[in-house]
Amino acid sequence: MNVLVFLGSCRASSPPNPPRLGERVARHLVGEASTSFDVQLIDPLSLPIEPVFRPVFTRPAAEVPPAMAELHARIRAADAYVMVSPEYNHSPSPALTDLLNAFPSSAFAFKPSLIATYSSGQWGGTRAAVGLRTFLSELGCLPVSAMLHYPHADRVFDAEGRPAAGEDAARWSSYAARGLSQLAWWAQAAAAQRKAVDPFAASPPFRRRPTERDAPAG
Ligand SMILES: Cc1cc2nc3c(=O)[nH]c(=O)nc-3n(C[C@H](O)[C@H](O)[C@H](O)COP(=O)(O)O)c2cc1C
């Protein structure tokens with residue numbers, strides 16, 4: 001099984017400190033996930049995200065930046081996703097949602113996801129997580145029931161994503177393992193079922209307009 005870990009921040013501002021706290025959380029989860037998955041980290045800072053929004057699926061192939069075309073292929077090839085988001089104004093980060101919006105839901109669909117949120121405050125991004133559950137459900141990569149929340153992530157992890165001195169590293173590891181084990185279980189189940197039955201045969205992606213899915217109301 002292979003998993004993409006999306007790092008949901010491209011913040012360079014300060015304060016709050018440190019900027020891109022998400023690097024620590026994402027690095028921690030890359031390490032934890034690598035015991036049961038082949039893991040790739042997806043960093044929005046390494047991608048040519050343009051200020052004018054033109055989703056990959058609305059552009060002729062020749063006009064899609066190669067790095068975005070390559071990420072599209074990696075999303076399609078992945079078995080599961082870990083979405084790492086800070087909480088901005090009680091919502092998932094725009095860096096994450098903007099990146100995900102660029103790709104068609106059919107690339108993510110019929111695979112599981114794991115929500116991991118963090119903040120420098122005491123709630124660990126729980127309110128962002130609730131919104132992200134709805135977002136990912138619409139994208140078709142259904143979130144597993146366990147969610148990971150990291151309050152005071154600036155104190156919990158060092159710059160490399162290791163639990164800081166004084167933290168109980170084994171407990172943080174088993175905390176992540178609950179969500180990651182659910183993700184691995186669903187990823188294997190979904191992969192086997194995708195192989196047995198083409199999910200798009202009965203539930204095709206819309207061809208031109210989302211209204212193709214509308215209820216046949218008079
Ligand atoms: C625009 C903005 C809004 C924020 N809103 C919240 C919030 O609603 N709840 C919270 O706990 N922290 C909030 N924070 C603090 C973040 O948890 C903290 O800055 C964290 O480091 C952000 O992650 P990042 O550095 O990876 O971008 C906010 C920070 C910013 C920049």
Side-chain angles (χ1 to χ4, degrees), residues 3-34 39-53 67-68 71 74-75 78 80-103 108 113-139 141 143 146-169 171-173 175-176 178-180 183:
V3 68
L4 304 185
V5 176
F6 283 83
L7 196 175
S9 174
C10 47
R11 186 171 71 92
S13 66
S14 185
N17 280 315
R20 283 248 298 177
L21 179 54
E23 288 179 5
R24 301 180 184 208
V25 180
R27 282 179 184 152
H28 171 69
L29 289 172
V30 164
E32 296 297 328
S34 63
V39 190
Q40 301 169 55
L41 179 67
I42 307 300
D43 184 342
L45 281 186
S46 71
L47 294 161
I49 295 166
E50 301 156 347
V52 175
F53 180 53
M68 294 297 271
L71 178 53
R74 286 160 81 182
I75 292 169
Y81 311 96
V82 177
M83 304 299 186
V84 181
S85 180
E87 180 169 292
Y88 283 1
N89 296 319
H90 293 194
S91 305
S93 78
L96 179 64
T97 56
D98 190 44
L99 178 58
L100 299 181
N101 283 340
F103 301 98
F108 298 90
S113 61
L114 172 64
I115 295 169
T117 61
Y118 61 93
S119 73
S120 52
Q122 65 178 323
W123 305 113
T126 46
R127 293 151 302 199
V130 171
L132 202 47
R133 193 181 272 292
T134 306
F135 185 103
L136 297 173
S137 297
E138 172 57 12
L139 215 47
C141 51
M147 295 197 279
L148 304 177
H149 309 296
Y150 297 95
H152 302 297
D154 52 323
R155 290 185 229 156
V156 169
F157 298 113
D158 68 15
E160 304 307 318
R162 290 179 300 242
E167 292 292 330
D168 187 334
R171 280 191 65 190
W172 282 117
S173 186
Y175 178 65
R178 180 164 183 270
L180 287 165
L183 190 70

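Every number for a ligand or one of its atoms is a count from 1 in the order of the listing.
Considering backbone and side-chain atoms alike, Pro19 places every N or O at 3.5 Å or more from each N or O of ligand 1.
Listed by number with element, the atoms of ligand 1 under 4.0 Å from a non-hydrogen atom of Tyr118 are 23 (O), 24 (P), 26 (O). Atoms of ligand 1 found under 4.0 Å from any heavy atom of Gly22 (numbered from 1 in listed order, with element): 26 (O). Per-residue contacts place Ser120 under 4.0 angstrom from the following atoms of ligand 1 (heavy atoms of the residue considered): 15 (C), 16 (C), 17 (O), 18 (C).
Here the OG-OH distance, from Ser9 to Tyr88, works out to 4.0 Å after rounding to the nearest 0.5 Å.
Heavy atoms of Ala153 found under 4.0 angstrom from ligand 1: none, in either backbone or side chain. Proximity of Arg20 to ligand 1, defined as any heavy-atom pair under 4.0 Å, is confined to the backbone N, CA, C and O atoms. Contacts of Pro16 with ligand 1, taken as heavy-atom pairs under 4.0 Å, involve the side chain alone.
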Review point. Can Leu100 and Ile75 be said to form a side-chain contact (heavy atoms from CB on, under 4.5 Å), step by step?
Key: CA-CA 10 Å; Leu100 299 181; Ile75 292 169; 5.8 Å; no
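Under the 3.5 Å distance criterion, the side-chain polar atoms of Thr117 are left unmatched by any main-chain donor or acceptor of His149. No donor-acceptor pair closer than 3.5 Å links the side chain of Arg11 to the backbone N or O of Gly22. Using a distance-only test at 3.5 Å, with no hydrogens or angles considered, no donor-acceptor pair links the side chain of Asn89 to the main chain of Ser91. A distance-only check finds a donor-acceptor pair linking the side chain of His152 to the backbone of Ser120 [under 3.5 Å].
Of the listed residues (Arg24, His152, His90, Glu87), the one carrying the non-hydrogen atom nearest atom 10 (C) of ligand 1 is Glu87. For the residues Ala26, Ser93, Pro86, the heavy atom positioned nearest atom 22 (C) of ligand 1 is part of Pro86. Across Thr117, Asn89, Leu7, heavy-atom proximity to atom 5 (N) of ligand 1 is greatest for Asn89.
Exactly one residue among Leu7, Val3, Leu41 makes a side-chain contact (heavy atoms from CB on, under 4.5 Å) with Val30. That residue is Leu41. Tested against Tyr150, the residues Trp123, Tyr118, Tyr175 include a single ring pair (Phe, Tyr, Trp, His ring centres under 6.0 Å) partner, Tyr175.
Distance from atom 1 (C) of ligand 1 to its nearest protein heavy atom, with residue and atom name: Tyr88 CG, 4.2 Å. Nearest protein heavy-atom contact of atom 21 (O) of ligand 1 is Arg11 NH2, 3.3 Å.
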